[in-house]
Chemist: 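Just dropping this structure here.
Only heavy atoms go into these numbers, but all of them, side chains included; no hydrogens, no water, no symmetry mates. By convention in this document, chain letters (A, B, ...) are assigned in the order of the sequence lines, proteins followed by strands, and residues within each chain are numbered from 1.
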Amino acid sequence: MFRKLHDPGPSAVTILIDGKAVTAEPGENLAAVLLRQPEGWNRTSTVTQSPRAPYCMMGVCFECLAEVDGVGSVQTCLTTVRDGMKVSRQLGRRVLSA
Amino acid sequence: MQELDVIIVGGGLLGAAVGYGLAKAGQKVVILDGDDTDFRASRANFGLIRTSGKGASCPEYQNITRRAADSWVEFARELRDVAKTDVELELDGGLYLCSSASNSNQLFYNAPGSLESRREMLQALHLQSGEPEPDFEMLERQDLQKLMPRAQLGADISGASFCRRDGHVNPLKLLLALHTGFQSHGGTLLPGHRVTGIRNEAGIHLVTSGDASFRAPKIVVTCGAESLDLARQIGIEASLVAERGQILVTERCERIFPYMMNGLRQTVDGTVMIGATAEKVGLDRSTNVSAAVSLARKTVKLFPQLQGLKLVRHWSGIRTKLERGHPVYGSSQTVNGAWAFICHGAVGMAPVHATLLPEWIISGERPAILQPFHGRQVAAAAA
């Protein structure tokens with residue numbers, strides 16, 4: 001649904017989303033990167049497992065949660081991409097066991 | 001409004017349970033409930049059904065809490081059938097964590113103490129109960145760990161007591177079920193009707209709420225921390241300890257706690273509830289960050305894997321604790337047909353509140369098992 005307008009060129013960074021390499025611009029908002037993937041969603045809800053996407057883009061709705069570099073329930077709209085960042089879509093409830 | 005049999009003042013867990021039982025028995029009942037600006041202890045509840053540790057020096061209280069817990073499965077089934085509400089009852093037993101660290105912090109409610117002192121206390125209560133077999137066992141650390149394989153015990157946890165008759169329930173769903181059941185049996189629930197006056201005229205109670213007034217031969221006062229004034233007006237005196245409890249609620253996560261514990265329980269949908277402070281601050285229901293920090297720190301010490309969990313709620317409530325340590329189930333000796341019921345722990349006691357108390361109100365005969373729970377008698381306040 002979303003398409004990036006600006007091409008970062010050689011300064012582009014690469015992040016992994018569920019193991020798939022994705023190009024992003026330095027300083028780009030992680031929730032925006034997730035929104036412009038074909039899937040569009042970043043988590044499934046904890047009770048009904050319904051797919052959810054970022055909504056408020058300002059840190060108050062908690063829909064944009066994903067696992068980032070091994071930490072669950074990270075608000076991706078408050079996260080800036082970093083080269084080599086590993087993102088996993090969060091399915092249902094947060095996992096606690098090691 | 002049609003002729004009423006009973007007016008109940010206060011529609012929290014206690015009042016709603018009594019109303020439910022009365023309406024089920026065919027009585028015409030109105031519950032006058034307050035507003036969200038009232039103390040509303042029933043909405044700040046942790047949801048525990050705990051008999052373990054209760055009733056020291058009051059064997060009758062020990063008796064009725066156990067009786068209530070043992071009636072819970074049947075009661076939940078009834079609520080599911082009548083009110084079409086699943087109150088999420090889990091009655092597989094309850095743990096009380098013990099710690100090897102010295103507990104000098106007075107801030108917390110039901111903080112872990114030593115394994116040995118817990119054992120001694122429970123053994124004494126078991127002897128008082130006269131039951132043939134104890135309903136608890138003591139678990140050393142390694143056995144406790146086996147009981148919850150997905151949880152990683154913090155270093156200070158030395159073990160726990162496990163009481164087979166305890167458990168937990170969703171207190172908000174319980175309140176909803178009681179309200180729904182009450183209404184489906186023909187009861188009238190009126191929120192936003194704080195009671196401003198009670199008068200007795202020739203055996204009929206006249207109850208006013210703003211411009212509205214209600215008349216009935218019987219009145220029951222069940223408004224928690226605010227019961228004292230109204231109870232006094234019907235000749236019943238009690239002393240409360242105003243104690244605040246602050247609670248934290250986390251995001252939903254995978255289920256690692258199979259049993260409820262002192263100050264920690266995990267709900268069916270994965271929410272972890274973290275409790276609680278015990279603060280003598282009067283009738284002050286505000287929350288503060290320092291309590292949230294203390295609660296979070298103590299929880300992470302107990303279970304380090306909870307460290308990164310997000311907190312989503314922080315609330316507080318005033319415990320309706322009687323100074324004497326057990327409930328007041330009082331009937332007025334000076335005014336006819338008037339009762340005041342004040343208790344802490346109306347979740348666990350709900351099955352008894354929904355049966356014994358209505359039977360008493362209908363028959364006028366105090367059940368023998370409730371003999372020791374009368375309030376202090378005073379002259380009813382002048383009309």
Side-chain angles (χ1 to χ4, degrees), chain A residues 15-19 29-35 39 41-82 84-98, chain B residues 47 85-88 90 95 97 144-155 157 170 172-173 176 248-261 263-274 292 296 298-314:
Chain A
I15 70 171
L16 290 173
I17 300 178
D18 286 334
N29 182 285
L30 179 56
V33 178
L34 284 161
L35 271 171
E39 293 87 348
W41 58 274
N42 52 276
R43 74 182 186 98
T44 55
S45 64
T46 59
V47 178
T48 60
Q49 284 80 54
S50 77
R52 299 294 174 88
Y55 179 60
C56 74
M57 299 300 278
M58 61 181 198
V60 297
C61 78
F62 295 90
E63 292 288 13
C64 66
L65 307 181
E67 187 184 293
V68 178
D69 291 330
V71 179
S73 297
V74 171
Q75 289 170 281
T76 57
C77 73
L78 300 178
T79 307
T80 308
V81 296
R82 202 185 26 81
M85 183 177 268
K86 287 198 177 74
V87 181
S88 300
R89 293 183 174 85
Q90 188 157 301
L91 302 178
R93 300 184 197 178
R94 177 126 171 227
V95 169
L96 288 180
S97 337
Chain B
T85 306
D86 173 14
V87 298
E88 296 165 12
E90 290 183 60
L95 291 165
L97 299 175
L144 175 62
Q145 179 67 86
K146 283 195 205 125
L147 218 52
M148 33 184 172
R150 287 186 142 149
Q152 287 136 38
L153 301 180
I157 296 179
N170 184 319
L172 292 175
K173 290 217 168 150
L176 173 68
L248 299 176
V249 179
T250 74
E251 62 174 317
R252 298 183 182 102
C253 60
E254 71 167 298
R255 187 79 187 258
I256 61 169
F257 299 133
Y259 304 100
M260 68 85 158
M261 296 170 273
L264 211 50
R265 70 173 272 242
Q266 194 168 16
T267 68
V268 158
D269 53 270
T271 299
V272 176
M273 291 183 67
I274 294 168
K298 92 153 152 115
T299 301
V300 169
K301 213 141 194 267
L302 288 172
F303 294 98
Q305 84 207 98
L306 300 181
Q307 169 84 44
L309 268 190
K310 294 220 181 299
L311 293 172
V312 301
R313 298 276 186 282
H314 175 193

Chemist: Hey, is NZ on Lys301(B) packed in by over 12 heavy atoms from elsewhere, all under 6.0 Å?
Modeler: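 Counting other residues, nucleotides and ligands, NZ of Lys301(B) stays at 12 neighbours or fewer.
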
Chemist: Please determine whether the number of non-hydrogen atoms from other residues, nucleotides or ligands lying under 6.0 Å from atom CZ of Arg82(A) exceeds 12.
Modeler: yes

Chemist: Taking side chain as C-beta onward, heavy atoms only, is Arg252(B) less than 4.5 Å from Val47(A)?
Modeler: yes

Chemist: Let me confirm one number: the CZ-CD distance from Arg94(A) to Glu254(B), rounded to the nearest 0.5 Å.
Modeler: 10.5 Å

Chemist: Sort Val272(B) into side chain, backbone, both or neither according to what part of it lies under 4.5 angstrom from a heavy atom of chain A.
Modeler: neither

Chemist: Is there a donor-acceptor pair closer than 3.5 Å between any side-chain N or O of Arg93(A) and the backbone N or O of Asp269(B)?
Modeler: yes

Chemist: Begin with the C-alpha distance, continue with both residues' side-chain angles, and end with the deciding distance and a verdict on side-chain contact (heavy atoms from CB on, under 4.5 Å) for Glu251(B) and Phe62(A).
Modeler: CA-CA 10 Å; Glu251(B) 62 174 317; Phe62(A) 295 90; over 6 Å; no

Chemist: Could you tell me which portion of Val71(A) (side chain, backbone, both or neither) has an atom closer than 4.5 angstrom to a non-hydrogen atom of chain B?
Modeler: neither

